[in-house]
Amino acid sequence: MRSRIAAAAAVALAALVLLSGCFTSRELSGIQRTIDRQNPNVELRRNFVLNAGSGTIHLLERGASLWKSDESLIARRYLSDIDRIKVGIYDVRTRNSDHRLTFDLPPREGWIPAIVVRGEGQSTAVHYREARGGVRDLLIVAGDDEQVVVVRMRGDLGRILLRALEDREEIIRRSGYVRSDRETSDG
Amino acid sequence: MTMKQAFLVAALVLAMAALSPAQAQDVSREAGYVDLSSIERSFASPPKVEVNVRGSLLRLVVEASRREDPGLADVLSRLKAVQVRSWDVEMSQRADIERHAETFTQRLSRGGWETVVRVREVGQNVGVFLRESGDLISGLTIVVVEDGEATFVNIVGDIDPSEVGMIGQRFNIDGLTGVPDGGRRR
């Protein structure tokens, strides 16, 4: 009995240690501070943060393998190409109504701004970083007057994208998209 | 040479091989490259749209395009970088923006860029400039200032001006559709 309690406690402690880093991220906090600095009339409040490293992703992959379905197979294929993923969702609080949220991440440590679109009350920036001859790091910051979402993903992103294109037809079919009669007749 | 020395030499060679691709991708050294930061400084605000596709990302776009449009993939495979800056322009800013654009295009001409097309009419000011290195085209720069929008595009690589519209569609660059090619075709 005592050994079972001790084993359960050890597992719980290990899980706590493993998962405790899943809901914090120094990097995302740094990005949040950068946005705060660039928008003095705006305050970002953390709503949700997820920080999943290779261990957690491998755990998810193993978990998906227990679920026998086409969806889990697809999920495992994509998870196998991801090394790390960080997601931060922040609520926007404005100190006055006359503001336009902007965020410009200065190029640092090899980040290249691939696409940046700034509109009325909303902005999206996609930065990437190369390594080993491919796109290995992706940083997406998207926000509007209500919320800012930050996604940082590391892995074989090229393979993920190409795989997504291959699976596009399957994804369309599963989403219930119905081709119009014109598309059907055009073949 | 001892085993340890051989191992160190092999490690050094591998490290240099790993670094060299990064150096080869320094597209700013290409003859057809234009630093668009000079035009950015002319505007009071950051661009509405900014695109910088090069290196691995460009190769990714090529592969992604190959399935849907092999012809477009062939065009993109000859490129080394695509840069775009686009701003919304209010009527009150139009004269200033045209002046900055003129300064920018004059700098291109002084830098060896050939004017392929120049259109100045009410509501639209378009310039298409080509850079050649020997017999090859090494870059294309397009400046479009029209009612409501100013767009600056630099394409580094072997590009035919008649293919610009195709690239504009791929990268969703509205200002590139309908850009005249000045009769220059491959």
Side-chain angles (χ1 to χ4, degrees), chain A residues 34-35 38-39 81 99-107 109-143 153-172 183, chain B residues 14-15 17-28 33 35-37 40 43-70 72-73 80-88 90 148-149 151 153 156 170-175:
Chain A
T34 298
I35 296 172
Q38 293 173 357
N39 297 270
D81 288 323
H99 81 280
R100 187 172 178 170
L101 184 70
T102 60
F103 41 87
D104 294 301
L105 297 175
E109 300 173 7
W111 287 109
I112 302 168
I115 298 170
V116 180
V117 180
R118 301 173 178 91
E120 281 292 332
Q122 58 180 357
S123 297
T124 302
V126 178
H127 288 68
Y128 71 100
R129 201 156 59 179
E130 296 172 319
R132 286 180 257 161
V135 177
R136 298 288 309 181
D137 262 317
L138 198 68
L139 174 62
I140 302 170
V141 182
M153 195 156 67
R154 190 165 69 209
D156 193 338
L157 303 180
R159 195 153 65 183
I160 290 173
L161 175 62
L162 292 175
R163 192 168 279 159
L165 289 172
E166 287 172 6
D167 293 340
R168 188 179 59 175
E169 290 296 322
E170 180 66 12
I171 292 167
I172 289 172
E183 286 174 312
Chain B
L14 281 172
L19 285 173
S20 59
Q23 291 171 353
Q25 290 171 7
D26 185 5
V27 72
S28 63
Y33 176 84
D35 185 357
L36 295 181
S37 62
E40 284 182 34
F43 288 83
S45 59
K48 178 182 70 171
V49 176
E50 177 180 350
V51 175
N52 299 291
V53 180
R54 63 183 72 171
S56 303
L57 188 62
L58 185 55
R59 286 197 293 277
L60 201 58
V61 173
V62 170
E63 288 308 309
S65 301
R66 206 173 287 286
R67 292 178 173 276
E68 294 176 9
D69 192 337
L72 173 63
K80 296 178 181 175
V82 177
Q83 304 182 88
V84 180
R85 303 289 185 273
S86 183
W87 285 265
D88 283 334
E90 294 177 14
E149 197 171 68
T151 302
V153 179
V156 185
R170 185 65 184 89
F171 290 98
N172 284 325
I173 308 167
D174 290 339

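Fair warning: this is a prediction, and the values are worked out from it, not measured in the lab. In what follows, chains carry the letters A, B, and so on, assigned in the order in which the sequence lines appear, proteins first and then strands, with residues in each chain numbered from 1. The analysis underlying the following values was restricted to heavy atoms, covering all of them including side chains, and did not include hydrogens, waters or symmetry mates.
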Closest heavy-atom pair and its distance - A/Gly158, B/Leu60: CA-CD1, 3.2 Å
B/Lys80, NZ: over 12 other non-hydrogen atoms inside 6.0 angstrom: no
Chain B contacts, top residue of A/Leu157, A/Val117, A/Val126 (heavy-atom pairs, under 4.5 Å): A/Val117
Heavy-atom closest pair, residues B/Pro47 and A/Arg118: O-NH1, 2.7 Å
Point-to-point distance, once rounded to the nearest 0.5 Å, from CG of B/Asn52 to NE2 of A/His127: 9.0 Å
